[in-house]
Amino acid sequence: MTQIISHILPDVRRAAGSGHRDDALAPAGHFINGTFTPGGGSIDVVNPSTGEPITTVAAGTTDDVDSAVAAARAAQPAWGAMTPRERSEVLHLIADRLAANSDDLMRLESLNTGKPPAVAEDDVSSAVDTFRFMAGACRTMSSLAAGDYAAGHTSVILREPLGVVGVITPWNYPLLMAAWKLAPILAAGNTVVLKPSEQTPLTTLKLAELIADIIPAGVVNIVTGYGDPVGSRISAHPDIALVALTGSVGSGSAVAAAAAPSRKRVHLELGGKAPVLVFADADLADVARGVRTAGFWNSGQECGAACRVLVHESVAEALIEQLVREIGTLVVGEPGAGADVEIGPMVSEAHFERVKGFLDRAAAEGLQAAVGGGPLPGPGYFIAPTVLTGAREGSEATRNEIFGPVVTVETFATDEEAVRRANETEYGLAASVWTSDAKRSTAIPRKLDFGTVWVNSHLVLANEVPWGGFKGSGYGRDLSLYALDDFSRTKHVMTNHGA
Ligand code: NAD
């Protein structure tokens, strides 16, 4: 049983209505070669705010993946031969269509994931911006200027599409992660076979429905279903040139292993456990506000979440006081319960049990909940926003990705210890440094082994800058021109013009 140390837990604010209209749901079949085709099998899609079923979708097979790959392969030469300007125009149309349907997309995303309204709104508007950015960016793509590097020979570097790209997305940002992959992959001239998470397929199917009359048949194909067999077939398929996964470390290893025999490229965006380094000279009120937002965004189900505070021992008590004040006022509720709801449910019962398990073991290990500490009454899979203190070096709660509304606090004595402890994790996705000292703000980020380091901020993203990790958080970059690099290939053409 979870030990709740001292607190009155927040109430879960409930919505008045069911919060969804069935007419917003897309057809439940696979989207292959420009049309929805019914699939076999049936996967229940559940509303995590209530535990009630919403609908079912098809459980795809290897044959479904093979049909989708055949359609993508047939469509690729014509799509790849379009000029960047022509592809750019299509991407702008997709952005316009998503923006025009943002209410439906937000509602569906919140229904399926339990996302608070502000998160759903941010997801949809960010997805629109990703398509707009890539629409512009693909028109700027170039390579080295031609040059003579060997006697009598001129070199030209061409940038080409890879071919068919496979994409596998997670449940925490279903639409946004689909956009992060689709936009650069399409912009670079590839065609796609995408599998959404079996738990959250609704907005991806909606996206397909919305763009069906914009995108040429076969350019985007969606196959719903489980990691095995759909994800594993995408990873292994010999006609797929690259497989891109956003998901857990374990799935990343499975995808890379399945991809190896076909020697396809692999692009992995995996988990994270972002340290938040708070030095004695930091503005503690800023830190507490930053952790309130960045530690609990998307109910903590966020790979870059500010979930592991490492604070200088001289200011630890003062920071914990401020964190308790901030985190203790987070509004918990169903997405339909008001625009001010900040924390929703965990995405599924299984994930709720997983997060609860972390809290139980942390309590058994002697960590204290300064605020929160356990599950909230159902229906639905709600966990109280929690700050755990008293973590010793190496505690499970500070090492592993909890992926819920739980932030741990540890202390350090010196800058060297802060850096060493921050880097002592298998993950390398993101970190933040909080200090008012100019030298520290420049020196410490260079010593941190994470793909993104914020200074006096956390979890601020933009389409112009890359996102991706080191170490166990994978490799490959989403967003920015670097994603266009990752989803294309260079070819050297050398012409002999010597006499
Ligand atoms: P998950 O790994 O369980 O599932 C992700 C996707 O992989 C799903 O579509 C799933 O069906 C599929 N999958 C599972 N096993 C597979 C296999 N053997 N072969 C092929 N596909 C397989 O992850 P999740 O629980 O859906 O998402 C949460 C994880 O995603 C967290 O670890 C989180 O940190 C990570 N994430 C990372 C980023 C990032 O940008 N780095 C962003 C969002 C989420």
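As the structure lists them, so they are numbered: ligands from 1, and atoms in each ligand from 1.
- Residue contacts with ligand 1, taken as heavy atom pairs separated by less than 4.0 Å, involve E401 solely via side-chain atoms from C-beta onward.
- One N or O on the side chain of K273 and one on the backbone of A397 form a donor-acceptor pair closer than 3.5 Å.
- Counting the atoms of ligand 1 from 1 in the order shown, those under 4.0 Å from a heavy atom of W171 are 24 (P), 25 (O), 26 (O), 27 (O).
- Polar contact check, L270 against ligand 1: a nitrogen or oxygen pair lies under 3.5 Å apart.
- In terms of polar-atom proximity, S235 is not counted as a contact of ligand 1, lacking any N or O under 3.5 Å from an N or O of the ligand.
- Less than 4.0 angstrom separates some heavy atom of V255 from each of these atoms of ligand 1: 19 (N), 20 (C).
- On a distance-only criterion, W180 and ligand 1 share no N/O pair closer than 3.5 Å.
- Given atom 35 (C) of ligand 1, the protein heavy atom at minimum distance is G247 O, 3.2 Å.
- Neither the backbone nor the side chain of Q301 comes within 4.0 Å of ligand 1, counting heavy atoms alone.
- Short contacts between ligand 1 and S197, defined as distances under 4.0 Å to a heavy atom of the residue, involve ligand atoms 9 (O).
- Relative to the ring axis of F352, R354 does not place its NZ or CZ within 45° and under 6.0 Å from the centre.
- Checked against a 3.5 angstrom limit, the closest N/O atoms of S248 and ligand 1 fall inside it.
- Annotation: atom 14 (C) of ligand 1 to nearest protein heavy atom, S251 OG, 3.4 Å.
- Contacts between D228 and ligand 1, counted as non-hydrogen atom pairs separated by less than 4.0 Å, are absent for every part of the residue.
- Side-chain atoms of K115 come within 3.5 Å of backbone N or O of N172 as a donor-acceptor pair.
- If you check each of P229, G271, G472, G231 against atom 20 (C) of ligand 1, the one with the closest non-hydrogen atom is G231.
- Of the N or O atoms in Y173, none lie within a sub-3.5 Å distance of an N or O in ligand 1.
- For L245, every heavy-atom contact with ligand 1 shorter than 4.0 Å involves the side chain, none the backbone.
- In this structure, E424 pairs ionically with R420, as a charged nitrogen and a carboxylate oxygen lie closer than 4.0 Å.
- Listed by number with element, the atoms of ligand 1 under 4.0 Å from a non-hydrogen atom of L429 are 41 (N).
- At a 3.5 angstrom cut-off on N or O pairs, T246 does not count as close to ligand 1.
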- Message: Could you go through S67 and D64, starting from their C-alpha distance and side-chain angles, then the distance that decides it, and tell me whether this counts as side-chain hydrogen bond (donor to acceptor under 3.5 Å, both in side chains)?
- Response: CA-CA 5 Å; S67 303; D64 295 324; 5.4 Å; no
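- The one candidate from T224, T169, I168 that meets the side-chain contact (heavy atoms from CB on, under 4.5 Å) condition with K195 is I168.
- Side-chain atoms of N463 and T130 form a donor-acceptor pair, as typed in the model, at a separation below 3.5 Å.
- Judged purely by distance below 3.5 Å, without hydrogens or angles, the side chains of S395 and T398 never pair a donor atom with an acceptor atom.
- Here atom 8 (C) of ligand 1 lies nearest to T169 when heavy atoms of N298, V347, T169, T224 are compared.
- In this comparison of T200, I168, N172, the heavy atom closest to atom 44 (C) of ligand 1 sits on N172.
- Under a 4.0 Å criterion applied to the non-hydrogen atoms of S232, ligand 1 contributes the atoms 19 (N), 20 (C).
- What sits closest to atom 16 (C) of ligand 1 on the protein, heavy atoms only, is G227 CA, 3.8 Å.
- Less than 4.0 angstrom separates some heavy atom of W467 from each of these atoms of ligand 1: 39 (C), 40 (O).
- Taking all atoms of both residues into account, the shortest heavy-atom contact from N298 to Y173 is CB-OH, 3.3 Å.
- No side-chain donor from either of S126 and D129 sits under 3.5 Å from a side-chain acceptor of the other.
- In this structure, K206 NZ and L175 CG are separated by 12.0 Å, a value rounded to the nearest 0.5 Å.
- Other residues, nucleotides and ligands place no more than 12 heavy atoms under 6.0 Å from the CZ atom of R73.
- Ring geometry for H351 against F403 counts as perpendicular: the plane angle is over 60°, on a 0 to 90° scale with 30° as the lower cut.
- Below 4.0 Å from some heavy atom of A254 lie the following atoms of ligand 1, by number and element: 18 (N).
- Closest heavy-atom approach to atom 10 (C) of ligand 1 among the candidates E302, R354, E198: E198.
- When only non-hydrogen protein atoms are considered, atom 27 (O) of ligand 1 lies nearest to P170 CB, 3.3 Å.
- What sits closest to atom 33 (C) of ligand 1 on the protein, heavy atoms only, is F403 CZ, 3.2 Å.
- Between the side chains of Y381 and E353, no donor-acceptor pair of N or O atoms lies under 3.5 Å.
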- Task: Give the C-alpha distance, both sets of side-chain angles, the deciding distance and a yes or no for salt bridge (Lys or Arg N to Asp or Glu O under 4.0 Å) between E396 and R399.
- Result: CA-CA 5 Å; E396 184 201 42; R399 268 198 340 265; 5.9 Å; no
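- Proximity of a side-chain donor or acceptor of S299 to a complementary backbone N or O of G344 within less than 3.5 Å is detected.
- Counting protein heavy atoms only, atom 38 (C) of ligand 1 is closest to C303 SG, 2.9 Å.
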